[in-house]
Amino acid sequence: MEIKLDPRTKIFMIFVVSAIVMMSVTTPFLWGLKIVTTMVPIALLIAEKRYASALRFFALYISALILTFYFLSSESTGLIRALLTGYCGIIAQFLPAFITAWYVIHSTKIDEFMAAMQKMHVPDGITISLAVVMRFFPTIKEEYGSIRDAMKMRGISLAGGNAAKMVEYRMIPLLFSCVNIGDELSAAAITRGLGGNVKRTSVVELKLHVFDWVLILLFSIATVIFVLNKYILL
Amino acid sequence: MDKKKLTAKDFITVGIFTAIVFVVEFACGILGFIHPYIVASYVVMIPIVGSIPMMLFYSKVDKFGMITIMSVLIAIIMFVTGMGFLGAPLIIIAGVVADLIAKTGDYKQFKMISISYAVFCLWICANYFPVIVTANSYRESLTEEGFSAEYTDSLFRAINSKTIWVLLILCLIFGYIGSYIGKIVVKKHFEKAGIV
(Lines give C-alpha, C1' and ligand atoms only; values in the text may rest on other atoms or scores of the structure.)
Protein backbone atom coordinates (compact mmCIF):
# COMPACT_ATOMS: atom_id res chain seq x y z
CA MET A 1 0.00 0.00 0.00
CA GLU A 2 1.46 3.30 -1.03
CA ILE A 3 0.46 6.26 1.09
CA LYS A 4 1.70 9.63 0.07
CA LEU A 5 1.09 12.17 2.78
CA ASP A 6 1.15 15.88 2.30
CA PRO A 7 4.04 17.51 4.20
CA ARG A 8 1.54 19.80 5.86
CA THR A 9 -0.16 16.80 7.41
CA LYS A 10 3.20 15.58 8.63
CA ILE A 11 4.05 18.92 10.20
CA PHE A 12 0.68 18.95 11.90
CA MET A 13 1.36 15.45 13.19
CA ILE A 14 4.69 16.53 14.63
CA PHE A 15 3.09 19.42 16.44
CA VAL A 16 0.29 17.33 17.88
CA VAL A 17 2.55 14.52 19.05
CA SER A 18 5.04 16.95 20.60
CA ALA A 19 2.23 18.67 22.43
CA ILE A 20 0.81 15.39 23.64
CA VAL A 21 4.08 14.09 25.03
CA MET A 22 4.24 17.13 27.27
CA MET A 23 0.88 16.45 28.83
CA SER A 24 0.60 14.24 31.83
CA VAL A 25 -1.30 11.05 31.36
CA THR A 26 -3.55 10.12 34.21
CA THR A 27 -6.18 7.65 33.09
CA PRO A 28 -5.91 4.37 31.20
CA PHE A 29 -8.03 5.91 28.46
CA LEU A 30 -5.48 8.66 27.90
CA TRP A 31 -2.69 6.13 27.92
CA GLY A 32 -4.55 4.22 25.24
CA LEU A 33 -4.93 7.36 23.19
CA LYS A 34 -1.27 8.17 23.57
CA ILE A 35 -0.33 4.69 22.44
CA VAL A 36 -2.66 4.92 19.46
CA THR A 37 -1.15 8.22 18.37
CA THR A 38 2.27 6.60 18.64
CA MET A 39 1.20 3.66 16.55
CA VAL A 40 0.17 5.91 13.66
CA PRO A 41 3.70 6.97 12.70
CA ILE A 42 4.86 3.38 13.16
CA ALA A 43 2.14 2.21 10.79
CA LEU A 44 3.17 4.91 8.37
CA LEU A 45 6.74 3.69 8.55
CA ILE A 46 5.52 0.23 7.58
CA ALA A 47 3.61 1.76 4.69
CA GLU A 48 6.87 3.37 3.65
CA LYS A 49 8.42 -0.11 3.62
CA ARG A 50 10.81 0.74 6.41
CA TYR A 51 10.09 -2.49 8.23
CA ALA A 52 13.30 -2.70 10.22
CA SER A 53 13.04 0.70 11.82
CA ALA A 54 9.31 0.30 12.40
CA LEU A 55 9.95 -2.96 14.21
CA ARG A 56 12.79 -1.47 16.22
CA PHE A 57 10.72 1.50 17.38
CA PHE A 58 7.76 -0.73 18.11
CA ALA A 59 9.81 -3.14 20.21
CA LEU A 60 11.54 -0.33 22.07
CA TYR A 61 8.33 1.51 22.84
CA ILE A 62 6.41 -1.56 23.91
CA SER A 63 9.19 -2.87 26.13
CA ALA A 64 9.56 0.54 27.78
CA LEU A 65 5.83 0.61 28.41
CA ILE A 66 5.70 -2.91 29.79
CA LEU A 67 8.66 -2.28 32.06
CA THR A 68 7.17 0.95 33.31
CA PHE A 69 3.81 -0.54 34.03
CA TYR A 70 4.58 -3.92 35.48
CA PHE A 71 8.03 -4.02 36.92
CA LEU A 72 8.90 -0.59 38.09
CA SER A 73 7.31 2.01 40.22
CA SER A 74 8.48 5.29 41.68
CA GLU A 75 9.37 3.46 44.88
CA SER A 76 11.94 1.25 43.27
CA THR A 77 15.32 1.87 44.78
CA GLY A 78 18.85 0.81 44.04
CA LEU A 79 21.00 2.18 41.31
CA ILE A 80 20.10 -0.19 38.50
CA ARG A 81 16.39 0.03 39.08
CA ALA A 82 16.58 3.79 39.46
CA LEU A 83 18.46 4.07 36.19
CA LEU A 84 16.12 1.69 34.45
CA THR A 85 13.07 3.61 35.64
CA GLY A 86 14.63 6.80 34.39
CA TYR A 87 15.40 5.37 30.99
CA CYS A 88 12.04 3.74 30.53
CA GLY A 89 10.27 6.89 31.58
CA ILE A 90 12.26 8.94 29.14
CA ILE A 91 11.73 6.44 26.34
CA ALA A 92 8.02 6.17 26.99
CA GLN A 93 7.73 9.94 27.11
CA PHE A 94 9.90 11.07 24.26
CA LEU A 95 9.87 8.18 21.83
CA PRO A 96 6.51 9.13 20.26
CA ALA A 97 7.87 12.54 19.29
CA PHE A 98 11.11 10.96 18.15
CA ILE A 99 9.40 8.38 15.95
CA THR A 100 7.23 11.02 14.33
CA ALA A 101 10.18 13.29 13.69
CA TRP A 102 12.20 10.37 12.32
CA TYR A 103 9.38 9.37 10.02
CA VAL A 104 8.90 12.90 8.73
CA ILE A 105 12.61 13.48 8.14
CA HIS A 106 13.02 10.19 6.31
CA SER A 107 9.88 10.33 4.22
CA THR A 108 9.77 13.96 3.13
CA LYS A 109 11.72 15.14 0.17
CA ILE A 110 13.22 18.55 0.65
CA ASP A 111 11.42 20.05 -2.35
CA GLU A 112 8.08 18.86 -1.02
CA PHE A 113 8.88 20.36 2.33
CA MET A 114 9.87 23.68 0.78
CA ALA A 115 6.72 23.79 -1.32
CA ALA A 116 4.56 23.07 1.71
CA MET A 117 6.23 25.77 3.80
CA GLN A 118 5.83 28.21 0.95
CA LYS A 119 2.15 27.41 0.75
CA MET A 120 1.79 28.10 4.46
CA HIS A 121 3.50 31.47 3.95
CA VAL A 122 6.37 30.78 6.30
CA PRO A 123 9.17 33.31 5.76
CA ASP A 124 11.88 32.12 3.38
CA GLY A 125 14.62 32.45 5.98
CA ILE A 126 12.96 30.02 8.36
CA THR A 127 12.06 27.60 5.58
CA ILE A 128 15.53 27.40 4.09
CA SER A 129 17.29 27.13 7.43
CA LEU A 130 14.86 24.53 8.69
CA ALA A 131 15.21 22.50 5.50
CA VAL A 132 18.97 22.58 5.95
CA VAL A 133 18.67 21.47 9.57
CA MET A 134 16.43 18.57 8.53
CA ARG A 135 18.76 17.51 5.78
CA PHE A 136 21.77 17.92 8.00
CA PHE A 137 21.11 15.53 10.85
CA PRO A 138 21.72 12.44 8.71
CA THR A 139 24.81 14.12 7.23
CA ILE A 140 26.24 14.83 10.66
CA LYS A 141 25.63 11.25 11.68
CA GLU A 142 27.40 9.98 8.57
CA GLU A 143 30.35 12.32 8.98
CA TYR A 144 30.64 11.48 12.63
CA GLY A 145 30.71 7.79 11.75
CA SER A 146 33.65 8.33 9.41
CA ILE A 147 35.46 10.41 12.00
CA ARG A 148 35.01 7.68 14.57
CA ASP A 149 36.31 5.09 12.15
CA ALA A 150 39.35 7.20 11.39
CA MET A 151 40.03 7.66 15.09
CA LYS A 152 39.66 3.96 15.72
CA MET A 153 42.16 3.17 13.01
CA ARG A 154 44.70 5.45 14.60
CA GLY A 155 43.81 4.25 18.07
CA ILE A 156 42.97 7.67 19.50
CA SER A 157 39.27 7.16 20.24
CA LEU A 158 39.75 7.82 23.92
CA ALA A 159 42.45 10.46 23.50
CA GLY A 160 44.28 9.10 26.53
CA GLY A 161 41.27 9.75 28.73
CA ASN A 162 41.49 13.50 28.32
CA ALA A 163 37.92 14.79 28.10
CA ALA A 164 38.80 18.11 26.47
CA LYS A 165 40.85 16.32 23.83
CA MET A 166 38.05 13.84 23.24
CA VAL A 167 35.70 16.68 22.45
CA GLU A 168 38.29 18.45 20.34
CA TYR A 169 39.19 15.39 18.28
CA ARG A 170 35.56 14.88 17.36
CA MET A 171 34.35 18.41 17.04
CA ILE A 172 37.03 19.91 14.84
CA PRO A 173 36.91 17.42 11.94
CA LEU A 174 33.13 17.48 12.14
CA LEU A 175 33.07 21.26 11.84
CA PHE A 176 35.53 21.15 8.97
CA SER A 177 33.44 18.78 6.92
CA CYS A 178 30.20 20.56 7.82
CA VAL A 179 31.55 23.91 6.68
CA ASN A 180 32.64 22.38 3.39
CA ILE A 181 29.33 20.65 2.86
CA GLY A 182 27.65 23.95 3.65
CA ASP A 183 29.55 25.68 0.87
CA GLU A 184 28.54 23.00 -1.59
CA LEU A 185 24.97 23.24 -0.41
CA SER A 186 24.90 27.00 -0.93
CA ALA A 187 26.18 26.59 -4.46
CA ALA A 188 23.55 23.95 -5.14
CA ALA A 189 20.83 26.13 -3.64
CA ILE A 190 21.73 29.10 -5.79
CA THR A 191 21.52 27.02 -8.95
CA ARG A 192 18.02 26.11 -7.85
CA GLY A 193 17.07 29.74 -7.58
CA LEU A 194 16.82 29.97 -3.82
CA GLY A 195 17.13 33.47 -2.48
CA GLY A 196 16.06 35.04 -5.75
CA ASN A 197 13.52 37.79 -5.80
CA VAL A 198 10.85 35.94 -7.72
CA LYS A 199 8.37 33.51 -6.28
CA ARG A 200 9.61 30.00 -6.75
CA THR A 201 7.53 27.46 -8.54
CA SER A 202 7.57 23.83 -7.64
CA VAL A 203 7.45 20.62 -9.63
CA VAL A 204 5.54 18.90 -6.85
CA GLU A 205 1.83 19.53 -6.78
CA LEU A 206 0.69 19.53 -3.19
CA LYS A 207 -2.82 18.51 -2.44
CA LEU A 208 -4.52 17.23 0.66
CA HIS A 209 -6.01 13.84 -0.07
CA VAL A 210 -8.64 11.87 1.80
CA PHE A 211 -6.05 10.11 3.88
CA ASP A 212 -4.54 13.45 4.92
CA TRP A 213 -7.89 14.65 6.14
CA VAL A 214 -8.49 11.43 8.06
CA LEU A 215 -5.19 11.81 9.89
CA ILE A 216 -5.70 15.50 10.55
CA LEU A 217 -9.12 14.72 11.99
CA LEU A 218 -7.76 11.89 14.13
CA PHE A 219 -4.95 13.99 15.57
CA SER A 220 -7.20 16.98 16.13
CA ILE A 221 -9.59 14.82 18.14
CA ALA A 222 -6.68 13.47 20.18
CA THR A 223 -5.51 17.01 20.92
CA VAL A 224 -8.96 18.13 21.96
CA ILE A 225 -9.34 15.18 24.31
CA PHE A 226 -5.98 15.83 25.91
CA VAL A 227 -6.56 19.53 26.32
CA LEU A 228 -10.02 18.94 27.76
CA ASN A 229 -8.63 16.46 30.23
CA LYS A 230 -5.81 18.67 31.29
CA TYR A 231 -7.45 22.04 31.67
CA ILE A 232 -11.15 21.50 32.08
CA LEU A 233 -11.98 18.18 33.61
CA LEU A 234 -9.18 18.15 36.15
CA MET B 1 22.22 43.66 -3.82
CA ASP B 2 21.70 45.34 -0.49
CA LYS B 3 24.48 44.37 1.84
CA LYS B 4 22.14 44.16 4.81
CA LYS B 5 19.84 41.64 3.20
CA LEU B 6 20.22 38.01 4.14
CA THR B 7 20.99 35.69 1.27
CA ALA B 8 20.34 32.01 0.76
CA LYS B 9 23.94 31.33 1.75
CA ASP B 10 23.35 32.95 5.13
CA PHE B 11 20.25 30.87 5.73
CA ILE B 12 22.17 27.72 4.93
CA THR B 13 24.96 28.71 7.30
CA VAL B 14 22.38 29.26 10.03
CA GLY B 15 20.82 25.88 9.33
CA ILE B 16 24.10 24.03 9.49
CA PHE B 17 25.24 25.59 12.73
CA THR B 18 21.85 25.15 14.33
CA ALA B 19 22.05 21.45 13.54
CA ILE B 20 25.54 21.24 15.06
CA VAL B 21 24.59 23.19 18.18
CA PHE B 22 21.59 20.97 18.61
CA VAL B 23 23.71 17.84 18.28
CA VAL B 24 25.97 19.23 21.04
CA GLU B 25 22.93 19.88 23.19
CA PHE B 26 21.60 16.42 22.50
CA ALA B 27 24.91 14.75 23.33
CA CYS B 28 25.10 16.61 26.64
CA GLY B 29 21.41 15.93 27.22
CA ILE B 30 21.94 12.19 27.09
CA LEU B 31 24.43 12.49 29.95
CA GLY B 32 21.65 14.04 32.00
CA PHE B 33 19.87 10.70 32.14
CA ILE B 34 22.63 9.41 34.40
CA HIS B 35 22.03 11.79 37.25
CA PRO B 36 19.89 14.91 37.71
CA TYR B 37 22.83 16.96 38.93
CA ILE B 38 24.24 16.58 35.45
CA VAL B 39 21.04 18.18 34.17
CA ALA B 40 21.91 21.20 36.28
CA SER B 41 25.45 21.20 34.93
CA TYR B 42 24.19 21.72 31.36
CA VAL B 43 24.80 25.39 32.06
CA VAL B 44 28.51 24.62 32.28
CA MET B 45 28.89 21.94 29.64
CA ILE B 46 26.84 23.27 26.77
CA PRO B 47 28.22 26.83 26.76
CA ILE B 48 31.78 25.53 26.74
CA VAL B 49 31.45 22.69 24.25
CA GLY B 50 29.01 24.67 22.13
CA SER B 51 31.34 27.64 22.03
CA ILE B 52 33.50 26.00 19.35
CA PRO B 53 30.80 25.81 16.66
CA MET B 54 29.26 29.08 17.85
CA MET B 55 32.51 31.04 17.57
CA LEU B 56 32.97 29.64 14.08
CA PHE B 57 29.39 30.70 13.40
CA TYR B 58 30.01 34.21 14.72
CA SER B 59 32.96 34.52 12.39
CA LYS B 60 30.53 33.99 9.52
CA VAL B 61 27.82 36.31 10.79
CA ASP B 62 27.88 39.78 9.34
CA LYS B 63 24.25 40.81 9.14
CA PHE B 64 21.45 41.30 11.56
CA GLY B 65 19.01 38.42 11.74
CA MET B 66 21.17 35.33 11.55
CA ILE B 67 21.39 34.83 15.29
CA THR B 68 17.70 35.63 15.63
CA ILE B 69 16.77 33.00 13.06
CA MET B 70 18.98 30.51 14.87
CA SER B 71 17.12 31.12 18.10
CA VAL B 72 13.77 30.67 16.35
CA LEU B 73 14.99 27.38 14.89
CA ILE B 74 16.20 26.19 18.27
CA ALA B 75 12.81 27.05 19.73
CA ILE B 76 11.09 25.03 17.02
CA ILE B 77 13.41 22.06 17.46
CA MET B 78 12.98 22.14 21.22
CA PHE B 79 9.25 22.04 20.76
CA VAL B 80 9.39 19.19 18.30
CA THR B 81 11.65 17.14 20.54
CA GLY B 82 9.15 17.43 23.33
CA MET B 83 10.61 20.14 25.53
CA GLY B 84 7.43 22.14 25.30
CA PHE B 85 6.78 25.70 24.30
CA LEU B 86 7.31 27.35 27.67
CA GLY B 87 10.93 28.07 26.94
CA ALA B 88 10.34 29.46 23.46
CA PRO B 89 9.96 33.13 24.50
CA LEU B 90 13.19 32.98 26.50
CA ILE B 91 15.06 31.39 23.61
CA ILE B 92 13.87 33.93 21.07
CA ILE B 93 14.40 36.93 23.36
CA ALA B 94 17.91 35.71 24.15
CA GLY B 95 18.53 35.34 20.44
CA VAL B 96 17.31 38.82 19.52
CA VAL B 97 19.23 40.47 22.36
CA ALA B 98 22.38 38.53 21.48
CA ASP B 99 21.94 39.61 17.89
CA LEU B 100 21.59 43.28 18.88
CA ILE B 101 24.63 43.13 21.16
CA ALA B 102 26.78 41.59 18.46
CA LYS B 103 25.48 44.20 16.02
CA THR B 104 26.81 47.06 18.17
CA GLY B 105 30.25 45.54 17.67
CA ASP B 106 29.53 45.23 13.96
CA TYR B 107 29.83 41.43 14.38
CA LYS B 108 33.60 41.86 14.54
CA GLN B 109 34.58 43.18 17.95
CA PHE B 110 35.39 40.19 20.04
CA LYS B 111 34.31 41.91 23.26
CA MET B 112 30.79 42.28 21.95
CA ILE B 113 30.75 38.77 20.54
CA SER B 114 31.66 37.38 23.95
CA ILE B 115 28.81 39.18 25.66
CA SER B 116 26.47 38.27 22.85
CA TYR B 117 27.38 34.60 23.12
CA ALA B 118 26.94 34.71 26.89
CA VAL B 119 23.42 36.09 26.42
CA PHE B 120 22.67 33.58 23.71
CA CYS B 121 23.60 30.77 26.10
CA LEU B 122 20.60 31.67 28.22
CA TRP B 123 18.54 29.53 25.86
CA ILE B 124 19.91 26.51 27.68
CA CYS B 125 17.91 27.53 30.72
CA ALA B 126 14.77 27.10 28.65
CA ASN B 127 15.40 23.39 29.17
CA TYR B 128 14.55 23.90 32.83
CA PHE B 129 11.37 25.83 32.31
CA PRO B 130 8.99 22.90 32.36
CA VAL B 131 10.57 21.87 35.64
CA ILE B 132 10.06 25.24 37.28
CA VAL B 133 6.91 26.72 35.89
CA THR B 134 4.83 23.63 36.20
CA ALA B 135 6.73 22.23 39.17
CA ASN B 136 3.90 20.35 40.79
CA SER B 137 2.23 18.81 37.79
CA TYR B 138 5.58 18.11 36.21
CA ARG B 139 6.66 16.26 39.29
CA GLU B 140 3.47 14.25 39.19
CA SER B 141 3.89 13.38 35.55
CA LEU B 142 7.50 12.39 36.07
CA THR B 143 6.63 10.01 38.84
CA GLU B 144 3.70 8.64 36.88
CA GLU B 145 5.83 8.15 33.85
CA GLY B 146 8.17 6.05 35.86
CA PHE B 147 11.05 8.25 36.89
CA SER B 148 12.22 7.00 40.23
CA ALA B 149 11.42 9.07 43.28
CA GLU B 150 15.12 9.49 43.86
CA TYR B 151 15.68 10.98 40.44
CA THR B 152 12.72 13.31 40.74
CA ASP B 153 13.70 14.48 44.20
CA SER B 154 17.25 15.30 43.24
CA LEU B 155 16.03 16.96 40.07
CA PHE B 156 13.86 19.29 42.08
CA ARG B 157 16.55 19.87 44.64
CA ALA B 158 18.90 20.96 41.88
CA ILE B 159 16.42 22.94 39.84
CA ASN B 160 13.73 25.09 41.38
CA SER B 161 12.58 28.69 41.27
CA LYS B 162 15.40 29.73 43.61
CA THR B 163 18.27 28.03 41.84
CA ILE B 164 17.12 29.12 38.39
CA TRP B 165 18.68 32.53 38.99
CA VAL B 166 21.96 30.90 39.89
CA LEU B 167 21.68 28.75 36.79
CA LEU B 168 20.94 31.78 34.61
CA ILE B 169 23.95 33.63 35.98
CA LEU B 170 26.15 30.56 35.61
CA CYS B 171 25.00 30.36 32.01
CA LEU B 172 26.15 33.93 31.43
CA ILE B 173 29.49 33.38 33.14
CA PHE B 174 30.30 30.14 31.41
CA GLY B 175 29.07 31.50 28.12
CA TYR B 176 31.57 34.33 28.54
CA ILE B 177 34.39 31.97 29.48
CA GLY B 178 33.35 29.61 26.71
CA SER B 179 33.64 32.33 24.12
CA TYR B 180 37.33 32.64 24.92
CA ILE B 181 37.86 28.90 24.74
CA GLY B 182 35.96 28.79 21.48
CA LYS B 183 38.03 31.61 20.10
CA ILE B 184 41.27 29.86 20.97
CA VAL B 185 40.12 26.64 19.34
CA VAL B 186 38.83 28.41 16.25
CA LYS B 187 42.09 30.29 15.96
CA LYS B 188 44.16 27.17 16.47
CA HIS B 189 42.38 25.09 13.87
CA PHE B 190 40.34 27.14 11.47
CA GLU B 191 42.19 30.38 10.98
CA LYS B 192 45.40 28.55 10.20
CA ALA B 193 43.56 26.37 7.72
CA GLY B 194 42.11 29.43 6.10
CA ILE B 195 38.47 28.52 6.60
CA VAL B 196 37.70 31.69 8.54
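In this text the structure is predicted, and so the values were computed from the model without any measurement.
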Close side-chain approach of E168(A) and K188(B), heavy atoms under 4.5 Å = yes
In this structure, CD1 of I128(A) is separated from NZ of K9(B) (nearest 0.5 Å) by 13.0 Å
I140(A) versus chain B, heavy atoms under 4.5 Å apart: side chain, backbone, both or neither?
-> side chain
For chain A, which of T18(B), I20(B), D10(B) has the most heavy-atom pairs under 4.5 Å?
-> I20(B)
Side chain, backbone, both or neither: which part of Y144(A) has a heavy atom under 4.5 Å from chain B?
-> neither
In this structure, are over 12 heavy atoms from other groups packed under 6.0 Å from F98(A) atom CZ?
-> no
S18(A) side, atom OG; M78(B) side, atom CE - distance, nearest 0.5 Å | 12.5 Å
Under a 4.5 Å cut-off applied to non-hydrogen side-chain atoms, are F137(A) and V23(B) in contact?
-> yes
Does CZ in F110(B) sit with more than 12 non-hydrogen atoms of other residues, nucleotides or ligands closer than 6.0 Å?
-> yes
If one checks every heavy atom of V49(B) against chain A at 4.5 Å, the contacting part turns out to be both
CD1 of I12(B) to OG of S186(A), rounded to nearest 0.5 Å, is 4.0 Å
Between I16(B), I76(B), V24(B), the one whose heavy-atom pairs under 4.5 Å with chain A are most numerous = I16(B)
Indicate yes or no: at least one non-hydrogen side-chain atom of F190(B) is less than 4.5 angstrom from one of L175(A).
-> yes
I69(B) versus chain A, the contacting section by heavy-atom distance below 4.5 Å | side chain
Most chain B-contacting option - heavy-atom pairs closer than 4.5 Å, from L65(A), L130(A), T139(A), V167(A) | L130(A)
Exactly one candidate in V185(B), L56(B), V186(B) meets side-chain contact (heavy atoms from CB on, under 4.5 Å) with I172(A); the answer is V185(B)
